[in-house]
Amino acid sequence: MNSSANKHPRLFDKRTLMHDFFLPIIQNALLSANIITDKPIQIEQPADKKFGDFSTNIALLIAKERKKNPRELAQEIIRHIVFPPETIAKIDIAGAGFINFYLAPVFIMRSVGNVLRDGAAYGQGNTGQGKTALVEYVSANPTGPLTIGRGRGGVLGDCIANLMETQGYNVTREYYFNDAGKQMQILGESVRLRFLEYCGETVEFPTTHYQGDYIRDIAESIYKEEGNTLQSSDDVLLFKKRAESIIFASIRKTLERLAIRHDSFFNEHTLYTAEKTGVSANQRVIDALYRQAFIGEYDGATWFLTTKLGQEKDKVLIKSSGEPSYRLPDIAYHITKFERGFDTIVNVFGADHIDEYPDVLEALKILGYDTERIKIAINQFVTTTVDGQTIKMSTRKGNADLLDDLIDDVGADATRFFFIMRGKDSHLNFDVELAKRQSKENPVFYLQYAHARICSLLRLALQETGFDPQNSSEHELLQLLNSPAELQLGFALLDYPRMITTSIRLLEPQKMVEYLHDLAEVFHRFYQECPIIKAEPDIRNARLFLALATRQVLRNGFKILGVSAPESM
RNA sequence: GCCCUUGUAGCUCAGUGGAUAGAGCAACAGUUUCCUAAACUGUGGGUCGGCAGUUCGAGUCUGCCCGAGGGCACCA
């Protein structure tokens, strides 16, 4: 045991309660009851409070192999359970043979003191200590302003990165983009044609080109600066460059509004150019796959022989034009993630890219990379509802819903919150009217209100009583609390660290949203039922500590979600 | 046709093989001499898309069928 562990008594959040407290207790009981089994001991929180705080189904699991009645077995196990004083209040058997544990109120409230002690660090862990992670998200090419759909992936990725940082991961947030492909060529051409219109020419604008108004805006800005001097030029590159820098600036600005940040922008084009070795990253992929006999040449193109892996068709890596298809740089890009030494690699992208990653993974596997390190988070699409009418996101037509417009409409907090308040696999229905509403129907306001209410309470308490729980360490007062509402709140606070690890395991920040909503609800009930400032001093101070601990957890959670924590509303 | 995601209350959605399937909103009925009523309490509401299977136990796992979204390019 190291010295820091001695300085700080063990933190009894639910994760540690399950693994470090209940597990050994049950293991020892089985041992002394002479029950040997290879069945795993499962400890869970019953959905219904009346079945205790924790329960185990071990008696059910081993009943068959022991040919015994599960309830009798449970009885026998209970007889052998030993536990420290002031921890467990009651143990009983219910249902088919579940063993249910009820925690002693003192035990719960003592643990709440640890929340106050850890403060902003409460919930942090060390599973990522000393490890690096790359989280890639947004990665939109600079062909137009960000759409609402991209926003969902951006917030999802940002929250995943935030979550991982709480566990000690050194996270690099990366944006992968391409400014060299065919789409960018079309972008430059689109701007040039609109520019010519400004110069007074009548042009035919192809339907394959970008239709959005922003193309006209860019063309106009070029016209204002350059006049018609470029009219005779057919240099598309110039228009492309201008468009790219303007669009990229707008994308970054939009992301900034949502506090979505990146540490690294990876330009796909660097994979095309020769490195020190004189060979491009793309070429190295071809060479390496060739050595493994997964490259074929026919129809004038170079193919990844995925039919050898049981797929229906081979996949083009180099087109007959000599240009790589998107797949080749994708593979090369992922190799750089390994070469840069990341321990964990997280890719966040939309459902439209769902067919892309299996090929990349196959190629990486063939080349000997450990694809277990790669985690994929795919988010389903977004539809928006305005005035009860569902509007489907539409793509390159120029009538796609713009993320900026949505932020203008409902604000950054609601935008972020709504994007992650549903599971990523669920098709998100973004109700714009609901997001704008400043009432309890709007879940983001419900949560923020709980925080503001606590702030207000602490302000008033200080003013009326002179007591500031932030400047007091009499946390043992918490042990005076034992009403159902207080215990429920204290118990909920202990769940926070486990929710973080669950969210990371599932790459699902939505778990945090749900948890925080439940926490706010339990707090409001406590606030309703327990008078605080008017209570007698010790109880009053204890309740202020409980409120302060709640505010801490809300703040810590809001920080991960990227939602503001208002002091008053 | 093939692949991925998905189908749970009127609506939007939770639900790690476990106990009588939950929450929010909406509906209805209540709560304020008292710290923010932007809150709280209660009531009603379900063939978990359908059919089979796996097992002590299935909303959860498997197969088939039906519906929804997305993808199946020498676009990215």
Side-chain angles (χ1 to χ4, degrees), chain A residues 42 44-48 50-51 55 57 60-61 63-64 70 94-98 100 139-141 143 177-178 181-184 186 208 268 299-303 311-313 315-327 329-330 350-358 378-381 383 385 388 392 396 421-429 431 434 437-443 445-446 448-450 452-461 463-464 502 505-506 510-511 513-514 517-518 520-521 523-535 540 543-544 547 568-569:
Chain A
Q42 294 168 18
E44 56 182 26
Q45 272 190 85
D48 193 325
K50 75 182 177 201
F51 296 124
S55 78
N57 60 354
L60 289 165
L61 290 179
K64 200 183 182 187
F98 291 94
N100 297 333
S139 295
N141 283 339
T143 56
F177 72 100
N178 176 20
K182 187 176 167 187
Q183 292 305 323
M184 291 300 293
I186 293 174
T208 50
E268 177 182 324
D299 295 347
T302 303
W303 301 78
Q311 294 192 25
E312 277 181 37
K313 281 186 287 186
K315 303 291 168 60
V316 170
L317 292 182
I318 300 178
K319 299 183 258 184
S320 52
S321 66
E323 297 170 294
S325 79
Y326 68 91
R327 251 182 221 96
D330 262 6
D352 53 335
H353 284 239
I354 210 152
D355 273 350
E356 173 181 332
Y357 76 94
I378 292 170
N379 63 280
Q380 288 297 322
F381 280 176
T383 53
T385 302
K392 261 181 69 175
R396 295 173 188 171
M421 74 179 194
R422 303 290 178 233
K424 62 182 187 298
D425 289 331
S426 150
H427 301 206
L428 177 65
N429 193 330
D431 187 332
L434 177 64
R437 226 168 290 163
Q438 311 223 342
S439 72
K440 72 174 287 191
E441 297 137 276
N442 186 344
F445 275 86
Y446 182 83
Q448 290 181 322
Y449 175 62
R453 203 176 204 186
I454 296 171
C455 291
S456 162
L457 172 68
L458 295 179
R459 277 194 301 267
L460 195 71
Q463 190 188 317
E464 302 260 314
T502 302
R505 182 168 46 85
L506 304 173
Q510 183 261 337
K511 298 288 164 210
V513 173
E514 202 176 310
H517 192 279
D518 285 349
E521 191 173 14
F523 170 75
H524 284 310
R525 186 174 306 135
F526 156 73
Y527 183 91
Q528 190 82 15
E529 287 180 17
C530 303
I532 298 167
I533 293 175
K534 288 173 185 60
R540 176 195 71 205
R543 286 177 178 161
L544 286 169
S568 65
M569 289 172 78

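- With P as the reference atom, B:G49 and B:U41 are 30 Å apart, rounded to whole Å.
- Looking only at distances, no side-chain donor or acceptor of A:Arg422 sits under 3.5 Å from a matching main-chain atom of A:His427.
- If you check every strand for non-hydrogen atoms under 4.0 Å, A:Asn442 touches nothing.
- If A:Leu434 and A:Phe445 are placed on RNA chain B by their nearest nucleotide, the residue sitting closer to the 5' end is A:Leu434.
- Applying the 90° cutoff around 0 to the glycosidic angle, B:U20 is assigned anti.
- At the heavy-atom level, A:Thr502 lies nowhere under 4.0 Å from the strands shown.
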Annotated structure of RNA chain B as dot-bracket, pair cut-off 3.5 Å, Watson-Crick or G-U only, | for inter-strand, is (((((((..((((....[...)))).(((((.......))))).....(((((..]....))))))))))))....
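- Contact annotation for A:Glu312: backbone-only contact, meaning every heavy-atom pair under 4.0 Å involves sugar-phosphate atoms and none involves a base.
- Rounded to whole angstrom, the span from the CG atom of A:Asp425 across to the C1' atom of B:U5 amounts to 6 Å.
- In the set B:A38, B:C34, B:U5, the nucleotide with an atom closest to the side chain of A:Lys534 is B:C34.
- The phosphate of B:C75 (OP1 or OP2) has a side-chain N or O of A:Lys319 nearer than 4.0 angstrom.
- A:Arg453 has no side-chain polar atom (N or O) that falls below the 4.0 Å cut-off from OP1 or OP2 of B:A39.
- For the pair A:Glu529 CD and B:C34 C1', the computed distance is 15 Å after rounding to whole Å.
- If you check every strand for non-hydrogen atoms under 4.0 Å, A:Ile532 touches a base.
- Nearest to the side chain of A:Gln528, among B:C74, B:U31, B:G70, sits B:U31.
- Within the 4.5 Å cutoff, the side chain of A:Tyr446 has heavy atoms near those of the A:His524 side chain.
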A correct 5'-to-3' footprint of nucleotides 11-23 of chain B, with B, S and - meaning base, sugar-phosphate only and no protein heavy atom under 4.0 Å, is -BSSS--BBB--S
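- Counting any heavy atom pair closer than 4.0 Å across all strands shown, A:Cys530 reaches a base atom.
- Using atom P as the reference point in both B:G53 and B:G57, the two lie 12 Å apart (nearest Å).
- Rounding to the nearest 0.5 angstrom, the gap separating the CG atom in A:Asn429 from the OG1 atom in A:Thr383 is 4.0 Å.
- Taking 4.0 angstrom as the limit, A:Tyr527 places none of its side-chain polar atoms (N or O) nearer than this to OP1 or OP2 of B:U41.
- Checked against A:Glu514 for a side chain to side chain donor-acceptor pair (under 3.5 Å), the options A:Lys511, A:Gln510, A:His517 give a single hit: A:Gln510.
- Note on A:Lys313: a side-chain N or O is less than 4.0 Å away from OP1 or OP2 of B:A73.
- Distances from the side chain of A:Phe381 to the nucleotides B:G70, B:C35, B:A38 place B:G70 closest.
- Mapping A:Leu460 and A:Asn141 onto RNA chain B by nearest heavy atom places A:Leu460 at the nucleotide closer to the 5' end.
- Residue contacts shown for A:Ala450 are absent, as no nucleic acid heavy atom lies under 4.0 Å away.
- For the P atoms, the distance from B:U20 to B:A39 is 34 Å, rounded to whole Å.
- Within the 4.0 angstrom heavy-atom criterion, no nucleotide atom of any strand lies near A:Glu323.
- Base engagement by A:Pro531 is indicated by at least one non-hydrogen atom pair under 4.0 Å involving a base atom.
- In this structure, A:Met184 and A:Thr143 have side chains that are in contact, with non-hydrogen atoms separated by less than 4.5 Å.
- Taken from CD in A:Gln42 to OG in A:Ser55, the straight-line distance is 10.0 Å, to the nearest 0.5 Å.
- Contact annotation: the side chain of A:Ser456 approaches that of A:Arg459 to within less than 4.5 Å [non-hydrogen atoms, C-beta and beyond].
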